[in-house]
Amino acid sequence: MRYIKVHVNGNTLIVPLNTRCEDLMKILRLNKEAYLPIIERKPRPDDCYLNDGDEIHLIRITIHEESVTKDEKGL
Amino acid sequence: MRRVCDLCGCSEAVVTSSYGKAMCKDCLERSIIRRSFAELRTGISEGDLVVVALSGGKDSSLALWCIYKYRELSSVEFALKAVTIDEGSPYRRHAIEAARSLCKELEVEHVLVNMRDYQGISVSDLLRLEHLPNKRSMCTYCGVLRRQTLNIVARKLGANKVVTGHNLDDIIQTFFMNMVRGDVNALARFLSRATPIRELIPRVRPLLMIREKEIAAFVAAKGITAHFGKCPMVRGMRIRMRRALDELEVSSVGFKSKILPNMIKILDKARSDLSMRLNLHVCERCGEPSAERICKACQLKMELRGLI
C-alpha cells in the first residue's frame, strides 16, 4: 500500500493514498458535521481526496464536548 | 483540480450539501440566496425597520450579509440596523471586533450595547461565582438575558422585525430539546409567525433552512468577516442533542433537511387542531414578554440576589 504525508493542524500524519477528508476525520474520531476542512487555505467537501504534502486545518464549527476547564474559560 | 462541483461541473467544490452533492462557492451562494430569500420574502415588508442580532459569529454575520443582499436585489425598501450585545464574556472581544468590521464594510449602522446596562449583571459577574444557583448552566443566564436585552433594544430603536442567525441545526436541536422537556408552551410558540403580544418584536430567520456546515464553508469561501471561535462555556443538553443529531446526519445523509419541513407541518397542525395556543403575557415585574407570571430573566435575577 502507498502512503502520503499530510499536515493536520500543525501535526504530520501518514495516511494511505486515496484518503478522503471524511476518512481522515474518521481516523481522528471527529464527527464530520462538527468540523470544516480547510485544505491549502480553501474549504473542501468531505469527499475530497488528500494529496501528498497537503496543509489541512480542521476548524471546529460546533462544540461536541462538555469538558470545560478554567483555562478554556479564559480565567 | 480538486473535487469539482456536482452542479456546474466546472469549479472546485467547497462543501458537501445536505443531499451529499459537492458544491462550488458560486452554486452554494445561489443556493443560500434562494433559501434565505424565501424566508426574508415572507418575513420582511416594505417600510420595515429591521434589526439584525449580530454577535459577530459566522451565523449572524451571514444573516446580515443575506439581508443586505436582499435589500440590494429585491424591490422591497426597508431600513436596516445591526445590534451587538456585549454580555461581558472574555471570549467575545474578537467577535465584537468582527461585527464592527462587517458593519463598516456593508455600511450598516452598528449599535453595540452592554448587557449590564439593561440587566444589571454580566457574564463576567457570573464567572466570579463558585457555583451558579440550582445547578444552572451559564447558557441559561446568557441566553435568557441576551434574548430579553435584544428585544428591549430593538423596541427602543423602533424596530418591527428582528433578524437572527439561527440555522437549521439550532432549530432542530431546540425542537427536540423542547420535546424532551415536554415544554408544550415553548413548542406552541416555536417557529410561529404570529405575534401574540406587541411587546415581542417578531423574529425572522433567514438561515432556517441552511445547515451550519454550509454556513461555515460559505463564510470561509466568500471571505465574509466573521469570528469562528466557539464559546468555551457552552454546556448542557444542547451539546448532547447536537452530538446525537450530527451522528444521525452522518449515518443518514439529509436527515436535518428532511426533518424540518415535517416538524413545521406537525407544529402547524397541532396549533390549529389541538389546544396548543400561543400563551404569552407580560411579566408582572419588568413588563417584558413572558410565558409565565414572572419572566425567566426576572426569575434568574431573583435567584442571584445576594450572590452578586
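In what follows, every chain begins at residue 1, and chains take the letters A, B, ... in the order their sequences are listed.
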With heavy-atom distances below 4.5 Å as the criterion, would you say the side chains of A/Glu33 and B/Val250 are in contact? yes
Please list, chain by chain and in numerical order, all residues satisfying side-chain hydrogen bond (donor to acceptor under 3.5 Å, both in side chains) with B/Lys25, sequence neighbours excluded. none
One should read off an interatomic distance between A/Leu36 CG and B/Glu212 CD, to the nearest 0.5 angstrom, of 10.5 Å
How about NZ on B/Lys21, more than 12 heavy atoms from neighbouring residues, nucleotides or ligands closer than 6.0 Å, or not? no
Within residues 44-51 of chain A, residues adjacent to chain B where the heavy-atom gap is under 4.5 Å: A/Arg44, A/Pro45, A/Asp46, A/Asp47, A/Cys48, A/Tyr49, A/Leu50, A/Asn51
For chain B, which residues from residues 7-29 of chain A lie under 4.5 Å away (heavy-atom distances)? A/Met25
Using non-hydrogen atoms only, which part of A/Ile61 is less than 4.5 Å away from chain B: side chain, backbone, both, or neither? both
What's the verdict on side chain to side chain contact (heavy atoms under 4.5 Å, CB included) for A/Ile39 and B/Arg2, showing C-alpha distance, side-chain angles and the deciding distance? CA-CA 10 Å; A/Ile39 304 176; B/Arg2 298 262 180 177; 3.6 Å; yes
Qualifying residues under side-chain hydrogen bond (donor to acceptor under 3.5 Å, both in side chains), relative to B/Asp86, sequence neighbours excluded: none
Could you please spell out the steps behind the side chain to side chain contact (heavy atoms under 4.5 Å, CB included) verdict for B/Asp169 and A/Thr62? CA-CA 10 Å; B/Asp169 296 62; A/Thr62 64; 5.7 Å; no
Which portion of A/Lys42 sits near chain B, non-hydrogen atoms under 4.5 angstrom: side chain
Measuring heavy-atom distances to chain A, does B/Arg211 have an atom under 4.5 Å in its side chain, in its backbone, in both, or in neither? side chain
Counting only non-hydrogen atoms closer than 4.5 Å, does B/Cys231 touch chain A with its backbone (N, CA, C, O), its side chain (CB onward), both, or neither? backbone
